[in-house]
Q: 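Provided herewith is a single structure, encoded as structure tokens, for subsequent inquiry.
Excluded from the calculations below are hydrogen atoms, water molecules and symmetry mates; all remaining heavy atoms, backbone and side chain alike, are included. Naming convention: chains lettered A, B, ... in sequence-line order (proteins, then strands); numbering from 1 in each chain.
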Number of protein chains: 2
Amino acid sequence: MNLGCPYGTHRVINPKGVFPQPAQSIDNDFSTLYDNEILIDVEVLNIDSASFTQIKTQAEGDSEKIGQIILETITQRGKQHNPVTGSGGMLIGKVKAIGSALHNRDLKVGDRIATLVSLSLTPLRIDKILAVHKDIDQVEVQGEAILFESGIYAKLPADMPQKLALAVLDVAGAPAQTAKIVKPGDTVVVIGGGGKSGLLCLHEACKRAGVTGKVIGISHSKAGVQRMRDSGLPVIPLQGDARDALWVLKEIERLTEGKLADLTLNMVNIPHTELGSILATKNKGTVYFFSMATSFTAAALGAEGIGKDVTMLVGNGYTEGHSEIALAIMRENPRLREIYESTYA
Amino acid sequence: MNLGCPYGTHRVINPKGVFPQPAQSIDNDFSTLYDNEILIDVEVLNIDSASFTQIKTQAEGDSEKIGQIILETITQRGKQHNPVTGSGGMLIGKVKAIGSALHNRDLKVGDRIATLVSLSLTPLRIDKILAVHKDIDQVEVQGEAILFESGIYAKLPADMPQKLALAVLDVAGAPAQTAKIVKPGDTVVVIGGGGKSGLLCLHEACKRAGVTGKVIGISHSKAGVQRMRDSGLPVIPLQGDARDALWVLKEIERLTEGKLADLTLNMVNIPHTELGSILATKNKGTVYFFSMATSFTAAALGAEGIGKDVTMLVGNGYTEGHSEIALAIMRENPRLREIYESTYA
Ligand SMILES: NC(=O)c1ccc[n+]([C@@H]2O[C@H](COP(=O)([O-])OP(=O)(O)OC[C@H]3O[C@@H](n4cnc5c(N)ncnc54)[C@H](OP(=O)(O)O)[C@@H]3O)[C@@H](O)[C@H]2O)c1
Ligand SMILES: NC(=O)c1ccc[n+]([C@@H]2O[C@H](COP(=O)([O-])OP(=O)(O)OC[C@H]3O[C@@H](n4cnc5c(N)ncnc54)[C@H](OP(=O)(O)O)[C@@H]3O)[C@@H](O)[C@H]2O)c1
């Protein structure tokens, strides 16, 4: 058997010995496959929001330039690993070949799957860009990709459109983590609550905090606040700029009679909101950073700088059962599904 | 009363509205003081290890250049906020003036204190660099600094030399957090165990995990491994490069019969060790990143990329009682105190 490393280190070109994610470049020549690799016919790339925002800015909103920037990255790195934000996204495609060592997987050639590992570590070759969908961070392509043995994926569910499932699966980690850490009676603040992952987190926060809890959502735009209202969830919506840490503090103090939040979830797609998140949270409370624009030092030194004893979590995109938890929200909350279908899919 | 913001936003010059830590530049003109500020006669700067390493490299080890780089940063930013690493350090000095709004503090003019908030947010003016101590990341200076109302500090203890106390207080957050999260019977891996904060964490990990636990320390150099041995703690020492994630995985598998660690503490001063830390840890275990060289995206995407369900914590430099917990180690463990006195003080 011609087995590669389960984590894909056999495809790392530079620097040698590191894993595919931190690597500068990885091998996207698929003429030879390892027996523990899955080859995928790629149909859609779902670029991570922080990454797409950066690419769109660099391209000045021009669709063709967006495509060029993506192609350049893949030519240089063998993967869609944004060199500025460090983040990736995910893809959808059909299984084209399954290595012989993976025959016991519940998967067959032709199955349509979404990869749940970041594009920032997925070997990818693009032959043609078919369409750039600027409003939903998705790019239709012709190309191929590899999933390593340790790579997780989800078969696309039969009861919802593919684009909807992809949009949900893209941010599946956040609502699943929310479900696991919110306790009955908690006061929860979701910064970026009107966004793609924020809305799912609001659903889980309301469900788990229950009638004795309090859930506050912050969004920057009127449209984001409207999405929170339209969700039908018992959320207190706030409109404002979370980079203005003092504004966040004052508003959350006002809405919690000075008690602040037990848990703050950061779901924004822009930098400089670490301090607002920390200030919104009570001493011994928890701040959960899901945003890829989070700066580690700003969080660590921010809390120290104001002498705040909070637990700060790095959002892990994976947690057991995350795809099931996230997809179930679309079945539980038809109003959220409607918002999702009209906004992100 | 002429009260400033408790968090010091009144001294931010650019950009307006942000807090002192993320600010580009802050006001270090101390001719006018606010009534909730403490003025300090600065004696010693203790530069954060990640920052000092960067400065030393840029200066090619030349003491005079190190001083110049520090002065340039302070001229530009009004604070010792390393523009490359984003981190700061702390300082020691004598209280020169206490604002009238803080008269109820247990503090008087002339007291020698260490600031426990980062230099990256502390208004600082340096009139003269007296000496650069390259081996202990300390710089003797003549100058002044301000502590804001929310800024924490520790009076220096009478039963140990000032340099020793400063070295311990600099990394006080890490052992205190370790004390709070290690449970009896835990298997704990400390990456960077032979370093300044690592050694204190090893002490707390051994103490809290107890005789039914297992504590493994990793250091890069022979000297670091020797420090772990010399500590007299029941630690299993490993020598190697934690950037080699596969090596870390194999060694920790070997030493734990494949079970891996309940808790991994990352205490290194160099980048690219996120994945090794995640791989060393079992599913549902915890990784605690104290290193300022941690990349948020490398941690988040690293765990997702290998489908590992671990809780990842951002090391908060502050937790209640951290200075007491850290200083107590010097009283509890004379061999560690000896290492500390000869290596860091
Ligand atoms: N950890 C992981 O594995 C993982 C996976 C997927 C995504 N992510 C990250 O999660 C984050 C959110 O992703 P998403 O897809 O949910 O993004 P999104 O749909 O663009 O949502 C962003 C949210 O942040 C809000 N926001 C932006 N600027 C703000 C400001 N200054 N003040 C207050 N709110 C502000 C937006 O408000 P408006 O809409 O009202 O402007 C919106 O509610 C991104 O950083 C992404 O990279 C992480
Ligand atoms: N969160 C906070 O508030 C806070 C406060 C203070 C410090 N810190 C951070 O904590 C970190 C450690 O600080 P420190 O003062 O303890 O630093 P330190 O004394 O320089 O110790 C660094 C340790 O990392 C080890 N190391 C370096 N490269 C390694 C590699 N490739 N593989 C394995 N081990 C390696 C060193 O091993 P050898 O000595 O054997 O080479 C040493 O044991 C720094 O990043 C610092 O910025 C954070």
Q: Between B:K79 and B:G88, is there a donor-acceptor pair closer than 3.5 Å when you use the side chain of the first and the backbone of the second?
A: no
Q: With B:Q54, which of B:T85, B:N82, B:N269 fulfils side-chain hydrogen bond (donor to acceptor under 3.5 Å, both in side chains)?
A: B:N82
Q: Identify which part of A:L249 has an atom lying under 4.5 Å from any heavy atom of chain B, answering side chain, backbone, both or neither.
A: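 Side chain of A:L249 only, per the 4.5 Å heavy-atom cut-off to chain B.
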Q: Do the rings of A:F289 and B:F296 sit parallel, tilted or perpendicular, given the 30° and 60° boundaries?
A: perpendicular
Q: Who among B:I152, B:T311, B:T294, B:V18 has the most heavy-atom pairs with chain A under 4.5 Å?
A: B:T294
Q: Which atoms of A:L279 come close to chain B, meaning under 4.5 Å heavy atom to heavy atom: side chain ones, backbone ones, both, or neither?
A: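 It is the side chain, since no backbone atom gets that close.
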Q: Could you look at A:L275 and say if it's the side chain, the backbone, both or neither that has a heavy atom under 4.5 Å from chain B?
A: side chain
Q: Is chain B contacted by the side chain of A:V310, its backbone, both, or neither, given a heavy-atom distance below 4.5 Å?
A: both
Q: Quick one: of B:V117, B:L121, B:D309, who has the most non-hydrogen atom pairs under 4.5 Å with chain A?
A: B:D309
Q: If I measure from the heavy atoms of chain B, does A:L246 come under 4.5 Å with its side chain, its backbone, both, or neither?
A: both
Q: Where on A:K180 is there a heavy atom nearer than 4.5 Å to chain B: the side chain, the backbone, both, or neither?
A: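 Contact with chain B involves the side chain of A:K180 alone.
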Q: Below 4.5 Å from any heavy atom of chain B, which atoms of A:K284 appear? Answer side chain, backbone, both or neither.
A: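 Side chain only.
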Q: Side chain, backbone, both or neither: which part of A:E320 has a heavy atom under 4.5 Å from chain B?
A: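 It is both, since atoms from each part get that close.
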Q: A:F148 vs A:H10 aromatic rings, parallel, tilted or perpendicular, using cut-offs 30° and 60°?
A: perpendicular
